[in-house]
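In each ligand, atom 1 is the first atom listed, and ligand 1 is the first ligand listed.
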Amino acid sequence: MASRKRHTTVEPFALEHTNIVTGDDEGRTLHDMTIVIDESGRISDVMPSPQIAVPQGYHRIDASGKFVASGLINMHVHLFADGKPIDPRQATPRGQALLAGLVRTPVGRAYIRKKAISGLDTLLNSGVTTIRTVGDVGYTVVGLRDKIAAGKLLGPRVFASGPMLASPGGHGAPLVALECKDEEAARRNAEANIDHGVNAIKIAATGGITDSQVAGEAGSPQMDVASMRTICDAAHACGLIVAAHAQSPEGVMNALTAGVDTIEHGSELTDEMIALFHENPNSLHGYSSLIPTLSAGMSINAFPREVTGITEIQYENSKPVAEGMLEGARQAHMNGIRVGVGTDTGMTFVTQYATWRELYLLTHYAGFTAAEAFYAATRVNAEILGIGGETGSIEVGKCADLLVLDADPTQNLRTLAAPKLVVAAGRPVWRPSVKRFDDIDRRLDERL
Ligand SMILES: [Zn+2]
């Protein structure tokens, strides 16, 4: 279920005389290499150029002077918005209820679908070849995931969560979350998502910033441990990992205890939590990982309210959350916890095309080297998703999820902002380009 086989064929080709970014945490690079991609979209050969024979009939692309790296993976994506400031009126309970009704109309559905397709296209063109959504409006993304896997739509490989699971009136409800009033409802809702074909599950363990209405709501524990445990059991039984939105020490501890596989955003960590990240008996793979999403936490906090449009309460709530998130990321790095990369796209100032900024923030504020940040966004993310054998590095047998770059990203992360060629499962996107929001980019460049 976790990885769907692609049944379509692609035009085979080779990238010749290029530098390969191995993507290990030391940032090793190989020179004058050739990569061969066969008609199944997989890497069939990787060798020093003088030793390789490209099969007859394959397109040969001279990539000398370029750097070929594995495509990025973004673990925290929302496809219902594009990163322009969210109107706080839409995030009130009244606004959410109104929108929840609208998105169920034919026009609303069409809008959500169009938005999702545009987001997928932008992510791919920005060099992201795998995503996990963690809170969708309905199940539109599940359908798009299958279209991509069948070769009918060009896009990144998708792990789709469908709606989040939250406590009544909790974070994301009712627009992007199903409400679980007790353990039984939690089980039913988890199973409903699984029946709709999701291949990721997301829980709101605590309140969030975007829809907070009172001081202290962001990070305040919402779903109880027993309900979260029930959801984890249902998901793990199907081989699915569970993500939990958790923005306070108490919330993180609750979610880890329940057996959640990835903590989204995070907070300051205690020794007990650090130990649970390393070894979590209730998780799917025996450990849990942290996905800090500094892009969302730091962006909303770095600008005056007039710029982001958030309310006074949301601004106040964002401060301790952003500080905790940053501290948690630093501690995780220092203590050897698996840290994955996700940005929380769709939130205010988190566009669909700036995954590279998260890598930059990890290096600038959380102690990562550029090589470590790149490693986190590729190999570590693939491992967390359980697809380490499919993608995350350039190796024979893996899917050809590749970026052709002007520079070595482990030396210069910014080169990731403008890939020259993106290849997703062997399908090339020639001259990738995205529609940028120049004012947002300029502000982020200035402040972060
Ligand atoms: Zn999110």
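- For the 3.5 Å distance criterion, the side chains of Thr122 and Asn125 fail to qualify, holding no donor opposite an acceptor.
- Residue contact annotation: His265 places no N/O/S atom under 2.8 Å from the Zn ion (ligand 1).
- Close placement of the Phe349 and Phe303 rings is indicated, their centers lying within 6.0 Å of each other.
- Rounding to the nearest 0.5 Å places CD of Gln222 at 11.5 Å from SG of Cys180.
- In summary, an N, O or S atom of Asp344 is located under 2.8 Å from the Zn ion (ligand 1).
- Inclusion of His76 in the first shell of the Zn ion (ligand 1) is supported: an N, O or S atom falls under 2.8 Å.
- With Phe374 as the fixed residue, the side chain to side chain contact (heavy atoms under 4.5 Å, CB included) test singles out one of Asp25, Val380, Leu72, Asp408: Leu72.
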